[in-house]
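A quick note: this is a predicted structure, and the numbers were derived from the prediction, not measured. We number each residue from 1, following the sequence as shown.
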Amino acid sequence: MIELQQLSKTYGKGVAAVEALRDVNLSVHAGEFIAMMGPSGSGKSTCMNILGFLDNPSQGCYRFQDSAVETLSRNQRALLRRHFIGFVFQGFNLLARTTALENVELPLIYRRMPRAERYVRAMAAMAAVGLDGREGHTPAELSGGQQQRVAIARALVTDPALLLADEPTGNLDSARGHEIMALLARLNQERGLTIIMVTHEADIAAYASRVVQFHDGHIQNEVCN
């Protein structure tokens with residue numbers, strides 16, 4: 001699904017240049033669950049942004065489902081992002097004054113999907129994350145773990161090929177964090193959903209099938225769980 005070859009990313013020029021990624025090589029197969037770890041500034045978040053078509057590499061090749069991403073225009077990358085990628089963030093990023101169901105429907109509104117079809121798909125996504133009966137609740141009426149489940153349902157409702165999760169348990173206590181990770185692991189195993197996750201926590205990374213350790217902009221090692 002994904003192939004990174006000699007990928008590098010530099011911000012700034014001259015003496016102000018910062019090399020965020022250096023000669024990164026990484027292959028990701030459909031159905032894998034990968035955790036990317038490393039200290040702050042190690043390059044894992046930059047790599048995540050490139051994988052999600054939010055940034056372009058300075059050098060090297062990024063192939064996503066046989067498309068050379070670095071050659072695509074901004075609009076072409078936006079279309080790939082909209083149709084193939086689901087995002088889950090540490091901060092949930094839910095609209096405060098809308099219901100859980102309406103938050104989940106939002107990506108389908110951008111696709112101009114008919115209301116009836118949006119409703120059916122959003123209800124199914126809510127059920128998939130165990131939030132039956134919470135569809136009419138606003139974020140303020142939900143716990144942190146429930147809010148993150150809404151965010152996961154919103155990412156799933158478009159049936160993405162790849163789910164990118166950036167510190168998905170960072171704002172949760174330990175118990176709720178492990179609930180979310182058990183949910184992601186189940187989605188990976190039962191649906192074959194490809195997941196790439198950034199985390200600082202070893203016990204969270206343990207849910208992944210492979211851990212990729214970043215250090216100073218390059219991949220230091222890879223370990224299969």
Side-chain angles (χ1 to χ4, degrees), residues 1-5 7 24-38 43-54 57 60-70 72 77 79-90 104 107-108 111 121-122 124-131 148-169 177-214 219-225:
M1 173 183 282
I2 288 172
E3 188 75 31
L4 306 183
Q5 296 177 341
L7 202 76
V24 169
N25 296 292
L26 179 67
S27 296
V28 179
H29 300 288
E32 281 199 278
F33 188 169
I34 292 176
M36 298 198 301
M37 299 188 71
K44 61 188 185 301
S45 293
T46 298
C47 188
M48 176 75 81
N49 287 339
I50 291 173
L51 290 172
F53 316 127
L54 298 172
C61 179
Y62 171 18
R63 299 196 70 83
F64 179 82
Q65 294 188 339
D66 295 325
S67 295
V69 176
E70 70 278 1
L72 302 179
R77 293 200 310 273
L79 285 173
L80 276 179
R81 187 166 59 246
R82 183 182 302 173
H83 290 282
F84 292 99
I85 307 293
F87 291 93
V88 177
F89 302 99
Q90 177 178 344
V104 173
L108 304 179
R111 289 190 178 188
R121 291 185 63 164
M126 291 283 288
V129 300
L131 285 180
Q148 190 63 298
R149 286 174 180 265
V150 173
I152 293 170
R154 181 182 57 192
L156 293 177
V157 76
T158 59
D159 194 22
L162 172 65
L163 182 69
L164 296 177
D166 190 1
E167 297 283 0
T169 64
H178 284 285
E179 285 181 6
I180 291 301
M181 291 313 303
L183 170 61
L184 292 178
R186 178 172 62 81
L187 292 169
N188 169 253
Q189 293 164 7
E190 294 181 0
R191 294 191 174 196
L193 179 64
T194 307
I195 301 174
I196 301 177
M197 171 184 68
V198 165
T199 183
H200 285 92
E201 303 171 73
D203 59 333
I204 296 301
Y207 284 87
S209 56
R210 180 158 51 118
V211 178
V212 179
Q213 189 79 36
F214 280 78
I219 294 177
Q220 188 175 50
N221 58 53
E222 299 184 35
V223 178
C224 293
N225 288 333

- Query: E3 and S27: side chain to side chain donor-acceptor pair (under 3.5 Å), yes or no, with the steps?
  - Reply: CA-CA 5 Å; E3 188 75 31; S27 296; 2.7 Å; yes

- Message: Using side-chain contact (heavy atoms from CB on, under 4.5 Å), reason through I204 and M197 one step at a time and then give a plain yes or no.
- Response: CA-CA 10 Å; I204 296 301; M197 171 184 68; 3.9 Å; yes

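- The closest side-chain heavy-atom distance from Q90 to D166 is not below 4.5 Å.
- With a 4.5 Å cut-off on side-chain heavy atoms, L164 and V88 do not count as touching.
- T194 places a side-chain N or O within donor-acceptor distance of the main-chain N or O of G31, the cut-off being under 3.5 Å.
- Y207 is not listed as a side-chain neighbour of I180, based on a closest heavy-atom distance of 4.5 Å or more.
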- Message: Quick one, R149 with E179, criterion side-chain contact (heavy atoms from CB on, under 4.5 Å). Give me CA distance, side-chain angles, the key distance, then yes/no.
- Response: CA-CA 10 Å; R149 286 174 180 265; E179 285 181 6; 4.0 Å; yes

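- Proximity of L4 to V28: side-chain heavy atoms (C-beta onward) are nowhere separated by under 4.5 Å.
- Here the shortest heavy-atom pairing between H200 and G38 reads CD2-O, 3.6 Å.
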- Message: Set out, in order, the CA-CA distance, both residues' side-chain angles and the distance that settles side-chain contact (heavy atoms from CB on, under 4.5 Å) for V223 and R210, then state yes or no.
- Response: CA-CA 6 Å; V223 178; R210 180 158 51 118; over 6 Å; no

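- Rounding to the nearest 0.5 Å places CE of M126 at 4.5 Å from CG of L131.
- Not a single donor-acceptor pair under 3.5 Å links the side chain of S67 to the backbone N or O of V69.
- Side-chain contact between L184 and I195 is present, with heavy atoms from C-beta onward closer than 4.5 Å.
- Here L162 contributes atom CG and E32 contributes atom CD; the two are 11.0 Å apart, rounded to the nearest 0.5 Å.
- To the nearest 0.5 Å, the span separating CE on M48 from CD on E167 amounts to 9.0 Å.
- D66 and R63 get closest at one heavy-atom pair: O-NH2, 2.6 Å.
- Between the side chain of K44 and the main chain of M36, no donor-acceptor pair closer than 3.5 Å is present.
- The side-chain heavy atoms of T158 and H83, taken from C-beta on, include no pair separated by under 4.5 Å.
- Looking at heavy atoms from C-beta onward, V211 lies in side-chain contact with N225 at the 4.5 angstrom threshold.
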- side-chain contact (heavy atoms from CB on, under 4.5 Å) assessment of E222 paired with L26: CA-CA 10 Å; E222 299 184 35; L26 179 67; 4.0 Å; yes

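- Note: N188 CG to I34 CD1 = 10.0 Å, rounded to the nearest 0.5 Å.
- I50 and Y62 get closest at one heavy-atom pair: O-CE2, 3.1 Å.
- In plain terms, the two heavy atoms of G177 and T169 that are nearest each other are O-CG2, 3.4 Å.
- Across all their heavy atoms, G52 and R81 have their closest contact at O-CD, 3.2 Å.
- In this structure, the separation between CE on M37 and CZ on F214 is 12.0 Å, given to the nearest 0.5 Å.
- Side-chain atoms of E190 do not come within 3.5 Å of backbone N or O of L187 as any donor-acceptor pair.
- No donor-acceptor pair closer than 3.5 Å links the side chain of R77 to the backbone N or O of E70.
- The heavy-atom pair separating P160 from L193 by the smallest distance is O-CD1, 3.6 Å.
- Q148 places a side-chain N or O within 3.5 Å of a backbone atom of F89 that can act as its donor or acceptor partner.
- Atom CG in L163 sits 9.5 Å away from atom CD1 in I196 (nearest 0.5 Å).
- Using a 4.5 Å cut-off on side-chain heavy atoms (C-beta onward), L7 and N25 make no contact.
- Remark: the backbone N or O of F33 is paired with a side-chain donor or acceptor of S209 at under 3.5 angstrom.
- Other residues, nucleotides and ligands place no more than 12 heavy atoms under 6.0 Å from the CZ atom of R191.
- In this structure, F53 has its ring center under 6.0 Å from that of F64.
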